[in-house]
*Asks:* 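Below is a structure I'd like to ask you about.
Chain naming here is simple, since letters A, B, ... match the order of the sequence lines and numbering starts at 1 in each.
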Amino acid sequence: MTGATMDKPHLTRAHARELLHQMQRIRSFEEKCAELYTQEKIRGFLHLYIGQEAVAVGVMQALEPRDGIVATYREHGHALARGLDMGRVMAEMYGKQEGSSRGRGGSMHIFDAAGRFYGGNAIVGGGLPIAVGLGLAERMRASGAVCVAFFGEGAAAEGEFHESLNLAALWRLPVLFVCENNLYAMGTALRLSESEPEIWRKAASYRIAAEAVNGMDVVAVEAAARRAVHSLREGEGPFFIECRTYRFRAHSMFDAQLYRQKAEVEEWKKRCPIRMFGDWAIAAGLLHPDEIEAIGHEVEAEVAAAVRFAEAGTWEPVADLRRDVMTPGEAS
Amino acid sequence: MTGATMDKPHLTRAHARELLHQMQRIRSFEEKCAELYTQEKIRGFLHLYIGQEAVAVGVMQALEPRDGIVATYREHGHALARGLDMGRVMAEMYGKQEGSSRGRGGSMHIFDAAGRFYGGNAIVGGGLPIAVGLGLAERMRASGAVCVAFFGEGAAAEGEFHESLNLAALWRLPVLFVCENNLYAMGTALRLSESEPEIWRKAASYRIAAEAVNGMDVVAVEAAARRAVHSLREGEGPFFIECRTYRFRAHSMFDAQLYRQKAEVEEWKKRCPIRMFGDWAIAAGLLHPDEIEAIGHEVEAEVAAAVRFAEAGTWEPVADLRRDVMTPGEAS
Amino acid sequence: MSEPGQQPTNGTATYRDAVRAGIRDALIRDPRCFLMGEDVGRYGGCYAVSKGLLDEFGPERIRDTPLSESGFVGAGIGAALGGMRPIVEVMTVNFSLLCLDQILNNAATIRHMSGGQFSIPVVIRMASGAGRQLAAQHSHSLEVWYAHIPGIRVLAPATLEDAQGMLWTAIVDPDPVVIFENVMLYNMTGSLPVEVRPVDIGRAAIRRSGTDLSIVTYGGSLWKCLAAAEALAEAGIDAEVIDLRTLRPLDDETIMASVRRTRRALLVDEGWRSGSLAAEIMARIVEQCFWSLDAPLARVCSEEVPIPYPKHLEDAALPQVPAIVEAARRTMGAK
Amino acid sequence: MSEPGQQPTNGTATYRDAVRAGIRDALIRDPRCFLMGEDVGRYGGCYAVSKGLLDEFGPERIRDTPLSESGFVGAGIGAALGGMRPIVEVMTVNFSLLCLDQILNNAATIRHMSGGQFSIPVVIRMASGAGRQLAAQHSHSLEVWYAHIPGIRVLAPATLEDAQGMLWTAIVDPDPVVIFENVMLYNMTGSLPVEVRPVDIGRAAIRRSGTDLSIVTYGGSLWKCLAAAEALAEAGIDAEVIDLRTLRPLDDETIMASVRRTRRALLVDEGWRSGSLAAEIMARIVEQCFWSLDAPLARVCSEEVPIPYPKHLEDAALPQVPAIVEAARRTMGAK
Ligand SMILES: Cc1ncc(C[n+]2csc(CCOP(=O)(O)OP(=O)(O)O)c2C)c(N)n1
Ligand SMILES: Cc1ncc(C[n+]2csc(CCOP(=O)(O)OP(=O)(O)O)c2C)c(N)n1
Ligand SMILES: [Mg+2]
Ligand SMILES: [Mg+2]
């Protein structure tokens, strides 16, 4: 984290508080999720975003409500940062019908029409063409809206990455590609998956403007996203941002993490985006330690309420099993 | 065609004759095929290589018998340049059991185990992973052999292009990627399919050494292929050559060519690799016009014999329909 | 359209024209509608279906794509999510394997995974079938795979009227629709209805009424079955021929009503035998009207071999009229 | 391996261990053999199947791949063409759609298209099935799609012995073999044979003999069927349970011999009902022993819905013991 990027003039106290608040919401929500997973309240695969919060929070600052978002199975952070109701997201993790996808999707498939949040895609790379299509729709309507696709560095090896970047560039679509390079795809280190490990350089193959930013620095991410979205809205075609980050936890709750050293994890934890930003904001006189404590309390209360909401949620009746396969009223 | 590339010191008279002879074999063979197609002796899709002969012939000069080759549905040229028997190739076009694939494959699926000629793949991009696998086999056996994949510029948009280049580079496999950029994929011009139309530049995304050559200049192609294969055998990892060429004929026999101007075709025909090389060789005193005429006669005779062979070929009995689905002796 | 029951030959339009008319109509009626795919524009479509449309509608709405099946089919799904009504042409079913993930894991599931929040009104068209000597990689009939997928609708128009009308019905459908156009039908001639109207896609059609056995089929095989029925009629066997039209969901009612009447059934399907759509229909008949059957069910499918290039072997690999006649006779002869 | 007919619980090894033992054995015996796939090495395999193998055999032979399903499966096919004996792990069947083109259009056809010149001795393993609350994109059972493809062999080991032995049989097979490992079986325990031996993959196995009806199934459903058979036995119904083991080619002989004896059959298959493998077996039974049947055939398959995340809905979507028992009773009750 460079002092330079933090020294943005537009970083008001309110905005600093907001950034910290959003990151802390994700962190606390997910720590709770991990706990609930061991209690078997949450099942299936649970992929935690802890450590990467600066990316989702930074990018979302640049978006408007009309913009669309496509994320992966590691999308709780994106959903919360986008403003989805925490209670409904938690209820989705439980599989309750009060959940954001009425419980059908679970942790990997959070959707929200109002938030233009298009999932929650669990096929690596599978969301990229969808984002291209959303961008195409905006472009054909000349709506001025943009679409953001979040994906991991592992996805960059998939053919769909290649096809999607080319299509977006060829048709000059307003798609922001945000690669969250956390150095591992499950247990596969970047150097084992990419002959060119500087992912952002691949964008040149498609003549897409690209940059790499420190993904542990929420302000740097926000600044890059604002530049990118500005360029998208100007009709300059797609933009690519590689955010260098790290996941502090296992890939999913099943992962014994045989593939990386504890020391490496500890090293990265020192760059925790929340602590770094908090410390910096205090040092810069933007936030007072009491405010940070207050954020903590606020967030704890929100998480507790979300859990209560999810706990109080109801199970969809089995009789409805075949619901939502086809549109009601149409033969199926 | 630059005099410079032609001024290779190793261009002996014999070699010049060989290059011309091989290109002429392909040209005459295919002109005959076009004729046979209108006579309905050859059916299905027929994709002619006319105009691109310098690529297959140039590249093959750099290969040894132990090296493997993967081509596309436009592969007659590669098969002949590789040394497959013209009669058997023609019989394959007829669908006779004397054909190189016993008639089962036809024009798009010429195979030859002895020539390590692995098809004849009609799914655009589908041969690239196969070439990577062949390269992997050589690498694991440390055999010193290499594998060449031929494909069109249209294939560069496919996800498999991306996956294959990355795998080959990551594992430093002895694979030579030869992109035959003839400017069109069926009726789609390069500028409509690639945001970065300089295909060879894409290799940089994978840290693969690459160059673009004049694909109408057989000597330039040969020189590039020799450099590339040398590097492959040294264990330097894959190599990428973009050959800039043009198909003089329609994409297939069904194509009305609505998508390109006659004038453009005529312009390119002036760069005919056979005439250009022949003229140059005469001017350089490497070949005498009589020799060129002799080559013409020789080739006509070979083509006529190939047609006779194919005509005399026999139809596989219908009773054998289920043959070659599984290995004989295994349950199916 | 000439009368069902005979291969129309003397009309003024082709099946290809009918598909084109359907697309054109959709583009005119709905500004959200656009056609996208490989070579749909400048080339005019690999089977000349979209010839002329680029001039009429321009390159934004007749959108040539690079060779990126997963990319542009996924983009069609995304554009549908984003409020458009894309018609995506996958040149042929043979290449659709490259985008099957998008169709199964996105088009067919997003509505469900989102708890019903999103619909995907995308139409995906593809040519299918063998018979043109295109060999093993270019001759697939994989309709049965698509018919296995909950969350999509699968259509197989066999007549000019259906080729035109189903397109519009598909466009207004809020869910993903996959349409298979058999390559052997494009040159089939007939006349087009002056007034374009959407056709009901919920029902199978009885293309020939008969009392002795029910022949159930779809797409390109329909015309072979009708020809076989004529031959059978000469031998005194009165076959009913059912054109499924919609492969998912299947119209059990029409099939079962027919089988209950005729008490015998023959399934004809150009897919490979094992795991064919014919098998599914046999299973349903056995489940639903076992006690009405007077004979074992039979099917004529493709031989279990990648389609060979030579004509005589390709013909031998595919269902043909004599084999259908023969199977029908056996079904009638069974005690 | 504990006795067939009961879910083994007290053994010393797991199904996962059995698969690993099979792979290990192949790597030791044949130097041309190597394992390749996503996270097979450092991670130890997403279901821990290959744990420890990297240390033993090194990164050349336990080869972690990037996320490039089409690329590395195609590379496996190419390496097989080039004389190696690759075992390619596609993490799960859900991701195999991304490489289906390579399997159908290359692995399954090259032998044929080349007129028999080339064989493709590749083994492709993948985990399959639902039951772990992984929701719509991660719960597919698409065995039937693979069983539709001429030119490949499809195996579904349901026991520890088969999981281990089939691997070696697959390796020595000169043709492409696809192996499905049901995700719910990995933790199943039993004992491993001391001596590794290839198992015959040509025959289905009768896992429980019975006289009243034949229950035909495979993979993860086998154990549910055996449990159902126990419940049925208490109700005086003596069910025979057949484990298909090989899904392509199917062992008609064993199936038909059983049905001819019991005169009734129930098919159980975790795939979606329409176009299921169950349908194919029903079709074959009707074709081959219609006159032996005393009741309509029945099937228990998955509901036609993308698999929902919540446990109660996932359970309701999949074949379960009570539904199997119930369907068997109805089949017995049918007059
Ligand atoms: C096509 C596909 N292949 C494999 C998987 C299994 N898988 C799930 S997440 C994952 C790693 C993805 O890594 P990356 O893209 O870097 O994202 P991250 O998990 O690090 O956020 C893998 C291999 C999958 N879901 N989809
Ligand atoms: C995956 C796939 N998509 C579409 C096609 C249909 N098709 C056959 S050749 C071709 C054009 C390929 O162009 P290019 O790669 O440039 O090779 P060229 O024909 O110019 O030699 C197309 C679209 C195909 N065979 N495979
Ligand atoms: Mg990652
Ligand atoms: Mg081209």
Side-chain angles (χ1 to χ4, degrees), chain C residues 70 94-95 97-98 100-106 108-113 135-137 140 142 144-151 248-250 267 271-291 293 295-299 303-306 308-309 334-335, chain D residues 70 94-95 97-98 100-106 108-113 135-137 140 142 144-151 248-250 267 271-291 293 295-299 303-306 308-309 334-335:
Chain C
S70 209
N94 310 292
F95 319 139
L97 302 181
L98 295 166
L100 195 43
D101 170 67
Q102 284 295 332
I103 297 175
L104 173 64
N105 279 320
N106 286 334
T109 59
I110 284 179
R111 176 172 184 80
H112 179 264
M113 294 191 303
Q137 295 182 330
H140 297 303
L142 297 169
V144 65
W145 283 7
Y146 289 89
H148 185 54
I149 305 176
R248 181 178 188 94
L250 287 164
L267 292 306
W272 289 306
R273 181 177 297 109
S274 296
S276 57
L277 192 68
E280 173 59 27
I281 296 164
M282 291 166 84
R284 289 177 182 225
I285 295 174
V286 174
E287 287 169 326
Q288 298 175 43
C289 43
F290 180 75
W291 302 113
L293 293 175
L297 300 168
R299 54 180 160 169
E303 285 296 322
E304 311 226 26
V305 49
Y309 163 66
K335 54 141 210 301
Chain D
S70 209
N94 310 291
F95 319 138
L97 302 181
L98 295 166
L100 195 44
D101 170 68
Q102 284 295 333
I103 297 174
L104 172 64
N105 279 320
N106 286 334
T109 60
I110 284 179
R111 175 172 187 80
H112 179 264
M113 294 191 304
Q137 294 181 330
H140 297 303
L142 296 168
V144 65
W145 284 7
Y146 289 88
H148 186 55
I149 304 176
R248 182 180 188 92
L250 287 164
L267 293 305
W272 289 306
R273 182 178 296 108
S274 296
S276 57
L277 192 68
E280 174 58 29
I281 297 163
M282 290 165 85
R284 290 179 182 223
I285 294 173
V286 173
E287 286 169 326
Q288 297 175 44
C289 43
F290 180 76
W291 301 114
L293 292 176
L297 300 168
R299 54 180 160 169
E303 285 296 323
E304 309 225 27
V305 49
Y309 162 65
K335 52 143 209 301

*Asks:* Is it the case that the side chain of R248(C) and the backbone of Y146(C) share a donor-acceptor pair, with hydrogens and angles ignored and the cut-off at 3.5 Å?
*Replies:* no
*Asks:* Heavy-atom distances under 4.5 Å only: say whether L142(D) touches chain C with side chain, backbone, both or neither.
*Replies:*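 Just the side chain, heavy atoms under 4.5 Å.
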*Asks:* Pick whichever of H112(C), E304(C), Q102(C) has the most heavy-atom pairs under 4.5 Å with chain D.
*Replies:*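 Top count of heavy-atom pairs under 4.5 Å with chain D: H112(C).
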*Asks:* Which atoms of A278(D) come close to chain C, meaning under 4.5 Å heavy atom to heavy atom: side chain ones, backbone ones, both, or neither?
*Replies:*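 Contact with chain C involves no heavy atom of A278(D) at all.
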*Asks:* Non-hydrogen atoms of chain D under 4.5 Å away: do they reach the side chain of L277(C), the backbone, both or neither?
*Replies:* neither
*Asks:* For A279(C), is there any backbone N or O sitting under 3.5 Å from a side-chain donor or acceptor partner on E280(D)?
*Replies:*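 No.
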*Asks:* Minimum heavy-atom separation for L100(D) and L97(C), please, with both atom names.
*Replies:* O-CD1, 4.2 Å
*Asks:* Quick check for you: among W272(D), F290(D), W145(D), F95(D), which has the greatest number of heavy-atom pairs under 4.5 Å with chain C?
*Replies:*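 So the answer, after comparing W272(D), F290(D), W145(D), F95(D), is W145(D).
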*Asks:* So which residue, G275(D), A108(D), P150(D), ends up with the most heavy-atom pairs under 4.5 Å with chain C?
*Replies:*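 Most pairs with chain C among the choices: P150(D).
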*Asks:* Which heavy atom of A136(D) sits nearest to which heavy atom of M113(C), and what is that distance?
*Replies:* CB-CG, 3.5 Å
*Asks:* Measure A135(C) against the heavy atoms of chain D and call it side chain, backbone, both or neither at under 4.5 Å.
*Replies:*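 For A135(C), neither part sits under 4.5 Å from chain D.
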*Asks:* So which part of R111(C) gets closer than 4.5 Å to some heavy atom of chain D, the side chain, the backbone, both or neither?
*Replies:* neither
*Asks:* Name the member of I149(C), D101(C), N105(C) that forms the most heavy-atom pairs with chain D at distances under 4.5 Å.
*Replies:*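 If we count pairs closer than 4.5 Å to chain D, N105(C) comes out on top.
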*Asks:* With a 4.5 Å heavy-atom cut-off, do S274(D) and R284(C) have their side chains touching?
*Replies:*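 SC-SC contact between S274(D) and R284(C) confirmed.
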*Asks:* Quick one, L104(D) and Q137(C) - any side-chain contact, counting heavy atoms below 4.5 Å?
*Replies:* no
*Asks:* Within the distance-only criterion (no hydrogens, no angle test), does the side chain of N94(D) pair as donor or acceptor with the backbone N or O of H140(D) below 3.5 angstrom?
*Replies:*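 Side chain of N94(D) to backbone of H140(D), a donor-acceptor pair under 3.5 Å: yes, one is there.
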